Structures are given as structure tokens and as C-alpha cells.
Enquirer: 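One structure is given below, represented as C-alpha cells, and several questions about it will come after.
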Amino acid sequence: MNIPKVYKPKTIEGKIYKLWEKSGFLKANPKSKKKPFTIIMPPPNANGVLHIGHAVFVTLEDIMIRYQRMKGREVLWLPGTDHAGIMTQVVYEKKLAKQEKTRFDLGREEFYKQTYKFSMENKKKVESQLRKLGASCDWSRSKFTLNPKISKAVFYTFKKMYEDGLIYRGKRIINWCPRCQTALSDLEVDHQKRKDPLFYIKYGPLVLATVRPETKFGDTAIAVHPDDKRYKKYINKEIKVKTVLGEVKMKVISDKNIDPEFGTGVVKITPAHDPNDFEIGKRHKLEIRQVIGFDGKMNKKAGKYVGMKILEAREKIVKELQKMNLIKKIDSNYKHNVAVCGRCKATIEPLISEQWFIKTKKLAAPAIKAVKDKKIEFIPKYFKKIYYHWMENIRDWCISRQIWWGHRIPVWYCQCGEKIIAIEKPKSCPKCKNSKLRQDTDTLDTWFSSGQWPFTVFGWPKKTEDFKYFYPTTVLETGWDILFFWVARMIMFGIYCTKKIPFHYVYLHGLVRDKDRQKMSKSKGNVIDPLGVIDLYGADALRMALVFGTSPGRDVIISEDKIISQRKFTNKIWNATRFILGQIENSKFQNPKLKIKTENLTKADKKILKALDKTVRLVTKNLDDFQFHEAAQNSYHFFWHEFCDYYIEESKKQFQTPDIKYQTSNILLYVLLASLKLLHPFMPFITEEIYQKLPLENKKKCLMVEQWPKI
RNA sequence: GGGCAAUUAGCUCAGUGGUAGAGUGUCCGCUUCACAUGCGGAAGGUCGCAGGUUCAAAUCCUGCAUUGCCCACCA
């Protein structure tokens with residue numbers, strides 16, 4: 001047999017993947033009598049290429065899937081892609097911008113059509129890349145979050161929640177991104193530490209501190225703490241305030257939310273432009289006066305400052321106030337947190353707007369209970385505490401977005417004032433029979449549909465065969481950074497929609513970082529491209545490097561060196577095989593296990609068989625406990641140091657004695673086969689390729705469906 | 001302000017009650033017929049600090065220090 005000296009993954013990986021795909025073993029069978037093991041893949045965004053973070057989840061999930069398949073479970077790993085609302089819209093708009101077009105040139109329908117086509121093309125690309133990583137998922141069930149069937153299920157939920165009083169429409173202060181031109185949920189907002197000047201401005205007889213003098217035209221009261229002795233005499237009185245637009249009268253109110261220690265203990269209340277002030281305004285029934293528009297510019301109410309951008313207006317107003325001697329002092333070292341758009345980092349403008357919201361408290365209660373009752377387990381456990389902390393303080397969720405790409409809100413309005421919530425467009429208004437209905441222009445937050453992914457993929461609300469057999473799913477594996485965005489929402493939706501938890505285990509992995517613990521980013525130039533790495537060193541080396549020395553929940557440290565060291569391991573496996581096959585070339589073996597006798601074993605024979613037993617136990621236990629890094633190291637150590645360094649070397653001596661030649665070959669092959677099985681979940685390509693070469697009788701079509709070694 | 005976690009070999013990290021581990025790096029020696037993407041050997045840690053529980057603590061408890069992250073409406 002002529003096997004090359006160096007393992008070349010490139011020549012075999014594509015071929016092996018085709019073998020798996022053609023074998024039909026990737027396809028799950030809901031009629032199976034076996035116990036199901038289901039993972040729904042976190043759908044990658046259908047707007048770009050896979051990055052190293054995707055390689056992490058593919059590796060971890062594929063390890064579980066391949067292990068359970070070999071253990072005899074009916075496995076389903078269901079792939080899909082996400083339409084990724086705002087993100088994809090931004091990506092496609094950038095594409096249009098290159099042709100000097102905007103989405104408005106195309107119109108809503110055409111824009112949607114083109115973005116859909118774009119997403120479908122990307123879906124294909126993403127899926128071919130997942131294959132390169134070795135993902136043994138069921139392509140026949142692949143889904144897309146914006147598929148019309150999925151949409152119907154999403155609308156069904158919307159309607160049900162509306163009818164149950166869990167969804168409402170209201171005018172609230174929301175996070176507005178002036179650049180993305182949409183409302184955002186609280187989760188989509190980041191906070192940046194920033195240094196801004198704090199202006200001490202004279203308001204009649206009082207002085208107050210603010211970083212946003214430009215919102216002063218929206219002030220509808222001045223507030224102090226009720227017990228603040230300095231200002232007691234002003235409470236509930238009106239004071240005259242000189243401003244850049246003339247003199248106004250303003251009421252001084254008291255509210256216990258005012259911190260007397262901050263600034264002068266006096267605050268201007270601008271209910272239209274500050275969430276805190278909005279709440280105070282509600283309590284005191286203050287007028288809401290909006291002075292900044294959705295374009296992030298001053299509006300008519302700002303008088304001569306109309307049309308100016310916020311910072312420009314601020315500068316001009318400050319100058320004018322200084323001229324009028326209304327600024328007492330400026331603290332230029334003031335540090336505070338500023339809300340920015342999680343995606344584009346533009347400063348968030350809190351604005352009053354009519355949006356759709358979900359009442360979350362009622363959904364959160366059973367979701368908390370499910371975890372407390374251990375129906376859902378987190379790996380690692382400490383994420384439970386983080387989950388509780390967030391869930392117990394959950395606030396209402398703004399689900400409407402002012403974008404075109406996504407599930408359009410299934411609500412129609414009639415001139416008569418009737419609001420119709422329906423899964424499909426109604427023919428006419430049930431009240432006045434008017435057929436001219438106008439659909440809500442907003443779309444749903446992408447997480448509203450992702451949150452229902454574990455069951456919408458099975459055709460829910462229909463109780464399909466797949467739904468009945470595969471749901472609830474077994475493990476949900478994803479990065480901890482989307483614990484609130486996604487995992488928490490899936491648990492809430494799952495219980496609400498299906499009355500069942502969506503999964504039993506939540507395994508969370510960390511962020512991928514480089515050798516110096518730096519985040520990977522294009523600007524830092526430290527990005528590791530998984531496809532480039534596969535091209536150079538093979539998918540097995542990449543996968544092994546990603547699990548080696550990485551425990552659950554912790555960041556994944558990866559470097560080219562680490563991948564190279566695992567490529568060396570693939571070569572080691574390859575050459576050990578080369579040696580073994582050379583020794584047994586002329587013999588035909590039965591399933592080797594049957595041939596191993598317990599008598600007449602040499603010391604080395606006994607030692608390696610014992611070590612193998614121990615390794616099988618360890619690897620199995622660690623895989624059962626989600627300790628993939630441990631399992632990987634157990635197999636690695638056994639194969640390299642116990643099998644290669646020790647037993648293969650001993651076997652060379654044993655081959656000098658004719659009596660034990662046959663037995664020695666047999667043990668070599670037996671241990672090799674067992675090792676391939678143990679390593680297969682981690683390094684599927686090379687192990688499968690070697691399996692295909694082994695001279696075994698009763699060989700299965702693929703190592704992928706071989707039986708896991710028995711303890 | 002509240003919370004979560006980390007601190008172990010030069011570096012990156014495992015280990016979580018019973019004589020300190022891996023990968024990588026360093027040093028020395030090997031063109032030994034599977035593999036130089038290799039083989040053999042060596043050096044290197046009072047497991048952040050201080051208490052406590054225990055026959056026994058890197059491991060459990062308490063406090064402290066340092067670092068990282070998350071949540072939160074301080075103008």
C-alpha cells in the first residue's frame with residue numbers, strides 16, 4: 001500500500017464530506033425508535049462569510065453530534081441562516097451605495113426582493129463553508145429565518161401575544177439611532193465612557209448642571225429633591241427663567257429621584273429627550289416638548305437653531321449663554337456614560353415615538369422557574385446567576401424597527417380607526433368593510449423571530465412529525481454574548497408558545513481571542529480566517545486547536561502556532577497508520593476486537609489495552625459532561641504518548657518474535673480503530689479517511705456511524 | 001451603584017480535597033528503517049495575599065488585593 005509520508009488534508013477533505021453527504025446518514029429520521037438528540041444550529045447571518053467564531057460553534061456542536069450519533073442516538077443537527085434585520089439592511093445599502101443608489105430609489109418591495117436574493121446567495125456560500133468545517137448537519141432541513149412559512153409562524157405568535165395582552169403599541173421614550181434611522185431595544189444599546197463638559201447654567205434664581213444645554217427648549221420643569229433645604233422655598237412655585245429665546249416661566253417640582261449631591265442639586269426636566277426625565281414627567285404630568293427630530297437635528301421649537309445638528313447647536317447655544325452671562329462655570333473633566341448604537345456606535349438619541357412593545361414580566365417568570373427547577377441546565381453553571389439577574393430585572397422589549405428588511409409587522413389600519421392583527425392580509429375592515437387597508441410600516445426585531453427558532457424550524461404551530469419527535473431540543477450551544485438577546489428570549493417564547501422548554505442544556509462558549517488575549521478585528525490585523533487555515537492545515541487541525549485547552553464559558557485562545565501543533569498531530573496519526581498498515585498488509589483481519597485473547601499477552605500488550613480502557617472511560621465521561629477540552633486532551637495524550645511513543649515502539653520488538661506477530665498486528669489495529677473512534681468527533685476527516693483504508697471485515701460504510709467504544 | 005468571573009511553569013491555559021499537568025517556548029543529545037510536522041532527555045511553579053475548616057487545601061469557607069466582563073435612568 002502506498003501512502004504518502006505527509007498527511008495532505010486538502011486532497012481528502014472534500015471527498016470525505018461528499019461520502020458523508022451521499023451516505024444519507026446526515027438525515028435524521030423522526031420515525032426512529034431511538035432516543036433523539038437535537039441541536040438547532042445558531043443560524044449564521046446570511047450577509048457575509050464565516051469567521052473564526054462560527055468555527056468555534058461548528059466544532060463544539062459537531063463534537064456533540066458525532067459523539068451522540070456513534071452512541072446510537074437519533075441525531076438531528078438542523079442548520080439555517082438568519083436574515084439579521086438591521087445588519088443585513090446596512091450591508092445591502094452599502095452595496096447599493098457603490099452603485100450610487102439608495103433603498104428609496106428601489107422602493108420597499110424591490111429592495112426587499114433584492115435583499116432576499118442576496119441573502120439566498122449568501123446562504124449557499126455559508127452552507128458550503130460549513131461543509132468545509134466538517135459540520136455533519138442535516139441539510140435537507142436547512143431553514144432561513146425570513147422564509148414565508150417561518151414568517152407565518154412568527155405572525156401567529158404576534159397575534160396570539162396581542163390577544164393575550166402581551167404585545168401593545170404605545171408612545172414611549174425609546175432608543176433612537178439617528179444613523180440607522182430606527183428604534184432599538186435596550187439590549188442593542190452600548191454604553192461608552194466619555195468626557196463631556198458639564199455646564200452650570202443659571203435658571204432664574206437657580207443654577208443647574210447639564211451636559212445637554214441644547215435640550216433646554218424642551219424643558220418643562222425644574223426639579224429638586226423634596227428634602228433639599230436649599231431649595232425648599234421654590235418647590236411648587238413658578239420661577240422666571242431667561243433663555244436664549246427670551247424669558248419663560250417654569251415650575252419647580254420635587255422628586256425623590258433627584259440626587260442632591262450631584263451638581264447643584266437642581267435639574268432641568270426634559271421629558272422628550274431623557275428617559276429619566278420622561279419618568280419624572282409622567283409622575284408629575286408634565287408637558288412633553290420635543291425639540292430634536294428623528295434626523296438628529298433641532299426642530300422648529302428650537303427657534304433660530306432649527307436644522308442644526310445637536311453638537312453644532314450645543315456650541316452655538318453655549319456661546320450665546322456665555323454672552324448673556326448665564327453660564328456660571330464649566331466643568332470640563334466630567335466623565336459619564338453615553339448610550340451608543342450597539343451596531344454603528346452613533347450616539348443614541350432618546351426620543352418619544354410610537355412603537356410596539358412586549359410585556360416581558362409575565363414571560364420571564366416561568367422562564368426563571370424552568371431554570372430554578374433544573375429543567376434547563378447551564379454549562380458552565382455560573383451563567384445561571386447572570387441569567388437570573390437579567391431576567392429578574394427585565395424591562396419591556398421594544399420590538400418594532402423602522403427598517404424594511406425583516407418580518408413586516410402583521411397589523412393593518414383602516415381609515416375608520418380599526419386596527420386589524422392578522423397572519424395574512426385581510427380583505428377588508430371587519431368594522432366598516434372598507435378594503436383600503438394600510439399595513440404597519442415597521443418590521444419586527446430580528447430576535448423576535450430568532451427567539452422562536454427552536455420550534456418554528458419544525459413547522460410549528462402545526463404539530464408536525466418533526467416537532468413531536470425532535471422538540472424540545474437537547475442542547476443549545478452558542479456564545480455567551482447572546483445570552484440575553486437570544487437564549488433568554490428562546491426560553492420565554494418556548495414556554496409561552498409551546499408550553500415546553502425549548503432545550504434541556506445551554507452550553508455557552510466564549511469569545512475568540514489571539515495569543516495576547518486581544519479580540520480579533522480587521523483593524524488590528526490579528527484575524528484568523530478559518531477558511532484560509534483549513535486550506536493550509538486542514539479542518540481537523542483547526543477544530544482540535546479550537547477545543548484544546550478551552551473550557552466552557554471561557555474565551556477561546558487561538559493562534560497559528562496552536563493550529564500548527566495540531567496539524568502535527570494529524571500527521572502523527574497519519575504516520576502511525578502508515579506503520580500499522582505496513583505491518584499487517586498481508587493479513588486479513590476480522591473485526592479485531594474478537595481476535596484479542598486474554599492469554600499470552602505481553603506486558604506491553606496488557607499495558608496498552610489497560611491504558612485504552614482508561615482512555616475510553618475518561619473520554620466518554622468528559623464528553624457526557626460537556627468537558628470537550630478534557631476529552632480532546634485524553635485522546636491526544638493516549639494516541640501520541642501511550643500508543644505511538646510506547647506501544648508502537650514495543651511492537652517493533654515484538655515483531656522479532658514470530659509467535660506473537662499476529663497478535664501484535666491485531667492489537668495495533670484494534671487500538672488504532674478504537675483511537676479513530678475516540679478522535680472522530682474532534683477530527684472527523686482524517687479519522688474517516690483512515691477508517692476507509694483499514695482492512696476490517698463487517699466494516700460500516702462510514703466511521704461516522706460506527707459504534708462508540710464500549711467501556 | 002449592583003452582579004459575574006479570573007489570579008497555577010517564560011507564554012496560553014487545564015486541573016477543583018490526598019506525592020503539581022498539557023500545549024507552546026527554552027536548553028542538551030539524536031539524518032534509529034511510521035513520522036525531523038519526528039525521537040530521547042533536562043531545566044522551570046512555596047498554585048495572588050492573609051486567615052479558617054480538615055488527618056490532609058491549588059482545590060472548601062471568609063476577608064483582602066489585582067485584572068477582566070456584564071447589568072443599571074445619575075442629569
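Being a predicted model, the structure only gives us computed values, none of them experimental. Just so it is clear: chains get the letters A, B, ... in the order the sequence lines come, proteins before strands, and each one is counted from 1.
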Enquirer: Could you check which of B:C73, B:C4, B:A36 has an atom nearest any side-chain atom of A:K5?
Expert: B:A36
Enquirer: Looking at the side chain of A:E630, which of B:A6, B:A34, B:G15 is the nearest nucleotide?
Expert: B:G15
Enquirer: Between A:Y537 and A:E560, do the side chains contain a donor N or O and an acceptor N or O under 3.5 Å apart?
Expert: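 A:Y537 and A:E560 do have a side-chain donor-acceptor pair below 3.5 Å.
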Enquirer: In the strands shown, is B:U12 matched to any nucleotide by a Watson-Crick or G-U wobble pair with both distances under 3.5 Å, and which?
Expert: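 Checking every strand shown, B:U12 finds its partner in B:A22, with both distances under 3.5 Å.
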Enquirer: Regarding A:H336, tell me which of base, sugar-phosphate or nothing describes its non-hydrogen contacts under 4.0 Å with the strands shown.
Expert: sugar-phosphate
Enquirer: Give a yes or no on this: more than 12 heavy atoms of other residues, nucleotides or ligands lie within 6.0 Å of atom NZ of A:K345.
Expert: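 Enclosed: over 12 neighbouring heavy atoms sit under 6.0 Å from NZ of A:K345.
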Enquirer: Would you check if there is a donor-acceptor pair between the side chains of A:D605 and A:Q654 at a distance under 3.5 Å?
Expert: yes
Enquirer: Of the candidate nucleotides B:C73, B:A34, B:G15, which contains the atom at the shortest distance from the side chain of A:N276?
Expert: B:C73
Enquirer: Do the numbers put A:K652 on top of the ring of A:F579, so that NZ or CZ is under 6.0 Å from the six-membered ring centre and no more than 45° off the axis?
Expert: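 That pair qualifies as a cation-pi contact.
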Enquirer: Where the side chain of A:H389 is defined as all heavy atoms beyond and including C-beta, which of B:G3, B:C4, B:U37 is the nearest nucleotide?
Expert: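 The answer is B:G3, which lies nearest to the side chain.
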Enquirer: Using the P atom as the point on both nucleotides, what is the distance between B:A14 and B:A22, in whole Å?
Expert: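 These two P atoms come out 16 Å apart once rounded.
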Enquirer: Between A:K329 and A:Y200, is NZ or CZ placed under 6.0 angstrom from the six-membered ring centre and within 45° of the ring axis?
Expert: yes
Enquirer: Can you find a side chain N or O atom of A:W640 that sits less than 4.0 Å from OP1 or OP2 on B:C39?
Expert: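 Answer yes for this pair, as a side-chain N or O of A:W640 is under 4.0 Å from OP1 or OP2.
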Enquirer: Is there a donor in the side chain of A:H284 and an acceptor in the side chain of A:D255, or the other way round, less than 3.5 Å apart?
Expert: yes
Enquirer: Taking only the P atom of each, what is the distance from B:C39 to B:U31 in whole angstrom?
Expert: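 Straight-line distance between the two P atoms is 16 Å.
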Enquirer: If you check the A:Q627 side chain, which of B:G15, B:C4, B:C73 turns out closest?
Expert: B:G15
Enquirer: On the nucleotide B:U37, are OP1 or OP2 found under 4.0 Å from the side-chain N or O atoms that A:R567 carries?
Expert: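 Looking at the OP1 and OP2 atoms of B:U37, neither is under 4.0 Å from any side-chain N or O of A:R567.
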Enquirer: Is A:E649 side chain donor-acceptor paired with the B:A34 base, going by distance under 3.5 Å alone?
Expert: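 Per atom types, the contact qualifies.
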Enquirer: Could A:K301 and A:E287 be called an ion pair, given the rule that one side-chain N must be under 4.0 Å from one carboxylate O?
Expert: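 Salt bridge absent between A:K301 and A:E287.
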Enquirer: Would A:K328 and A:F199 count as a cation-pi pair here, with the cationic atom under 6.0 angstrom from the ring centre and within 45° of the axis?
Expert: no
Enquirer: Between protein and nucleotides 63-68 of chain B, map the contacts as a letter string: B base, S sugar-phosphate only, - none, heavy atoms under 4.0 Å, written 5' to 3'.
Expert: ------
Enquirer: Could you run down nucleotides 17-31 of chain B 5' to 3' and tag each one B, S or - for protein heavy-atom contact under 4.0 Å?
Expert: -----SSS-------
Enquirer: A:F484 or A:F383: which one's nearest nucleotide on RNA chain B is closer to the 5' end?
Expert: A:F383
Enquirer: Answer yes or no on whether A:R489 is positioned over the face of A:W397, meaning its NZ or CZ is under 6.0 Å from the six-membered ring centre and within 45° of the axis.
Expert: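 Yes, A:R489 lies over the aromatic ring of A:W397.
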Enquirer: Would you mind telling me which of B:A5, B:C73, B:U37 lies closest to the side-chain atoms of A:V6?
Expert: B:U37
Enquirer: If we take the C1' atom in both B:C60 and B:U16, what is their distance in whole Å?
Expert: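 Looking at atom C1' only, B:C60 and B:U16 are 9 Å apart.
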Enquirer: Looking at B:C73, I'd like to know if its phosphate oxygens (OP1 or OP2) sit under 4.0 Å from a side-chain N or O belonging to A:K282.
Expert: no
